[in-house]
Amino acid sequence: MSAARGRGRSTARRAAAAAVVTGLVATGALTGAGAAAATDGVQHMGGAVATLSGLKVYDTALLHSKGDEKPFRMPAGLFELTGGGGGTLKTYCIDLHNPTEDGTKYQETPWSESVLNKNENAGKIRWILQNSFPQVDDLTALAAKAGAKQLTEKTAAAGTQVAIWRYSDKANVTAADDNAERLADYLEKEAQNLEEPKASLTFAPLAVSGKPGTRIGPVTVTTNAARAALKLSPDAAGVGVKVVDEAGKPLDNAVNNQKVFFEVPADAPDGTAKLTASATTTVPVGRAFTPLVGTSQTMILAGSSNSDVTAEATASWARTGPVPAVTFKENCDKGGVDVTATNKGDSPFTFTLAGAEHTVPAGGSKTVTVPVDEDQAYDITITGPDGFKENFKGVLDCKPAGEPTPKPSSEPTPNTAGGSSTGGSTAGTTGSTTTGSTTGSSTGGDLAATGGSSATPMIAGIAIALVALGGGAVFFLRKKKAAAGE
């Protein structure tokens, strides 16, 4: 994704609104604005990558916003994403006011690098996930606990989503169905703070460096799989590089918390090696999922089948001169991306980042924070001597979208639930640190897609036309408040 895509939500929504009209006139079919966006070159921290296939099981929620004469109706329920190896991941929304884009690619993400990063109730959301649908599939027993007469998959999904929104967005939201509302109240009241679940598969750090004739590392494997297979890039294996444990024993797989090293022969030419870890596992309930590109709403995992997960780490080595390794990490507290360069060589490493030069002494490290606006797509390039170049891309997504501004855009906001429904009872750089060491089908009303509660005008003609055309996603737009003084 180019830096030109780094725009706020309002701009993205205006562009998508234009796409609604254009697509309707041209073809009568609509696709999420980011569905076809390329993901090549986007860095991934490891774990699951999945594609949003739509809102699948849902009922109606009512959003009560200050100043509105009546609550805003919208679907609330379970999304599905398709993961590696054909695995299915079921998720709920944790970013109410941000629309979804069907076809968006998502990545498994730590809470600290998502909208949950400063949410003191994030652990309560995980408790809700573990104690409600679909983790609890005995809906009769769940209804009894909640004091509800009966729960269906649709109303259970809606009640669960409503309870989550109360903690993820601090939203004044209720379920339209009385039984779903009873479930939401029960879950909200009983929720307890739980710890963040571990990643399905990651490496840390993602890059290491050193000299030939040594073991370079360690890189620590974190996984919930029994074992992760390890595969070294063929070019590195061709010069005698091996993947070994702390005792020097060759490894072709690793277990959780295992330290892995690159053993580089003394006569190996200067070079780099890439190590890939892979496994098939269920992703832990409660893991956050953020878009690889675009600003589609953040999700949280409610359950998964077995999915393929991967992680990559690199090692670099040289006999003389600087031997750098560069990694990055989104820093929600500072509102940017931390770029960390370490230098295991015998001379300083000077690199250029965001138009400024930085020097890391031999044996040292330096972290530079590149400021990035919320929901901004970033494309960060680091260059150095002898053709050194690293590039990191992504989207900073650290805060829920929040309520629309008092003066919303006069243009419609398209929101798509996507997919077929089994439900629907409705119709520059800053601070651096240096160290000396290292909607499914809908039938009307003012229903909007999950997470799309923008107070923009309702274009009834577009909505009616979309329903008539049977498009894969139906866009509903809120009625704007009358001008002040009316």
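Only this structure's heavy atoms are used, side chains among them; waters, hydrogens and symmetry mates stay out.
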> Any donor and acceptor pair, going by atom type alone, linking the side chain of E108 with main-chain N or O of A48 inside 3.5 Å?
Replying inline: yes
> Between Y378 and E330, do the side chains contain an N or O donor and an N or O acceptor separated by less than 3.5 Å?
Replying inline: yes
>> Looking at S304 and V283, would you say the former's side chain and the latter's main chain have a donor-acceptor pair under 3.5 Å?
In response: yes
> Would you call L142 and L183 a side-chain contact if the rule is heavy atoms closer than 4.5 Å?
Replying inline: yes
> Atom CG in L194, atom CD1 in I125: separation rounded to 0.5 Å?
Replying inline: 11.0 Å
> Would a distance-only check, ignoring hydrogens and angles, find a side-chain to backbone donor-acceptor pair under 3.5 Å from N179 to A148?
Replying inline: no
> Does D177 reach the side chain of T152, with side-chain heavy atoms less than 4.5 Å apart?
Replying inline: no
> Could you walk me through whether Y106 and S296 pass the side-chain hydrogen bond (donor to acceptor under 3.5 Å, both in side chains) check?
Replying inline: CA-CA 9 Å; Y106 280 81; S296 187; 2.8 Å; yes
> For residues T280 and D308, is any side-chain donor paired with an opposing acceptor at under 3.5 Å?
Replying inline: yes
> So, do S168 and V115 sit near enough that their side-chain heavy atoms are less than 4.5 Å apart?
Replying inline: no
> Passes side chain to side chain contact (heavy atoms under 4.5 Å, CB included), L251 versus V260? Steps please.
Replying inline: CA-CA 8 Å; L251 292 174; V260 175; 4.2 Å; yes
> Can you name the nearest heavy-atom pair linking L301 to V285, along with the distance?
Replying inline: O-CG1, 3.5 Å
>> So, taking the atom named CG in L187 and the one named CZ in F133, what distance separates them when rounded to the nearest 0.5 Å?
In response: 13.0 Å
> Do we see a donor-acceptor contact under 3.5 Å between the side chains of T367 and T340?
Replying inline: yes
> In terms of side-chain geometry, is the basic nitrogen of D185 or R166 positioned less than 4.0 Å from the acidic oxygen of its partner?
Replying inline: yes
>> For the backbone of T222 and the side chain of N257, can you confirm whether one donor and one acceptor N or O come within less than 3.5 Å of each other?
In response: no
> How many angstroms lie between CZ in F79 and OG1 in T91, if you round to the nearest 0.5 Å?
Replying inline: 6.5 Å
> Within the side chain of D379, is there an N or O that forms a donor-acceptor pair under 3.5 Å with the backbone of K393?
Replying inline: no
>> Using side-chain hydrogen bond (donor to acceptor under 3.5 Å, both in side chains), reason through N117 and S112 one step at a time and then give a plain yes or no.
In response: CA-CA 4 Å; N117 79 96; S112 62; over 6 Å; no
> Roughly how far, to the nearest 0.5 Å, is the CG atom of L116 from the CG atom of D397?
Replying inline: 10.0 Å
> Can you check whether V57's main-chain N or O pairs, donor with acceptor, with E153's side chain at less than 3.5 Å?
Replying inline: no
>> Would M74 and L96 count as a side chain to side chain contact (heavy atoms under 4.5 Å, CB included) here? Give the steps.
In response: CA-CA 10 Å; M74 58 188 179; L96 169 59; 3.3 Å; yes
> What are the two closest heavy atoms between W111 and P197, and how far apart are they?
Replying inline: CZ2-CD, 3.7 Å
>> Could you report the tightest heavy-atom contact between L62 and R73, atom names first, then the distance?
In response: CD2-CG, 3.5 Å
>> Keeping E80 on the side-chain end and S53 on the backbone end, is there a donor-acceptor pair under 3.5 Å?
In response: no
> Which of these passes side chain to side chain contact (heavy atoms under 4.5 Å, CB included) with K124: N193, L129, N119?
Replying inline: N193
>> If you compare all heavy atoms of T342 against all heavy atoms of S365, which two are closest, and at what distance to 0.1 Å?
In response: CG2-CB, 3.6 Å
>> Using a 3.5 Å distance criterion without hydrogens, assess whether the side chain of E181 forms a donor-acceptor pair with backbone atoms of A175.
In response: yes
> So do the side chains of T327 and F392 get within less than 4.5 Å of each other, counting heavy atoms only?
Replying inline: no
> Closest heavy-atom contact between L139 and A156?
Replying inline: CD2-CB, 4.0 Å
>> Nearest 0.5 angstrom please: T88 OG1 to L81 CG, how far?
In response: 9.5 Å
> Where is the tightest heavy-atom contact between T160 and S132, given as atom of each residue plus distance?
Replying inline: OG1-OG, 2.6 Å
> Are Y92 and I128 side-chain neighbours, meaning at least one heavy-atom pair lies under 4.5 Å?
Replying inline: no
> Is there a side-chain contact between V244 and K249 (heavy atoms, below 4.5 Å)?
Replying inline: no
>> Between T281 and L201, is the side chain to side chain contact (heavy atoms under 4.5 Å, CB included) condition met? List the steps.
In response: CA-CA 9 Å; T281 186; L201 179 61; over 6 Å; no
> In this structure, are over 12 heavy atoms from other groups packed under 6.0 Å from E120 atom CD?
Replying inline: yes
> What do you reckon, is CD of Q150 surrounded by more than 12 foreign heavy atoms closer than 6.0 Å?
Replying inline: no
>> Do L275 and V243 make a side-chain contact, defined as non-hydrogen atoms from C-beta onward lying under 4.5 Å apart?
In response: yes
>> For the residue pair T290 / T109, report whether a side-chain donor-acceptor contact shorter than 3.5 Å exists.
In response: yes
>> I want to check something: taking the side chain as every heavy atom from C-beta on, are H97 and P400 in contact at a cut-off of under 4.5 Å?
In response: no
> When you measure from the side chain of Q161 to the backbone N and O of C93, does any donor-acceptor pair fall under 3.5 Å?
Replying inline: yes
>> Determine whether D333 and K118 satisfy the following criterion, side chain to side chain contact (heavy atoms under 4.5 Å, CB included), listing intermediate values before the conclusion.
In response: CA-CA 8 Å; D333 289 337; K118 289 186 177 180; 3.1 Å; yes
> Can you tell me how far the CG atom of D373 sits from the SG atom of C398, to the nearest 0.5 Å?
Replying inline: 11.5 Å
>> Quick one: does any side-chain atom of E113 pair with a main-chain N or O of P110 as donor and acceptor, under 3.5 Å?
In response: no
> Does the distance from a Lys or Arg side-chain N to an Asp or Glu carboxylate O, for K259 and E246, drop under 4.0 Å?
Replying inline: no
>> Does N331 form a side-chain hydrogen bond (donor to acceptor under 3.5 Å, both in side chains) with T369? I'd like the steps, not just the answer.
In response: CA-CA 8 Å; N331 188 328; T369 302; 4.9 Å; no
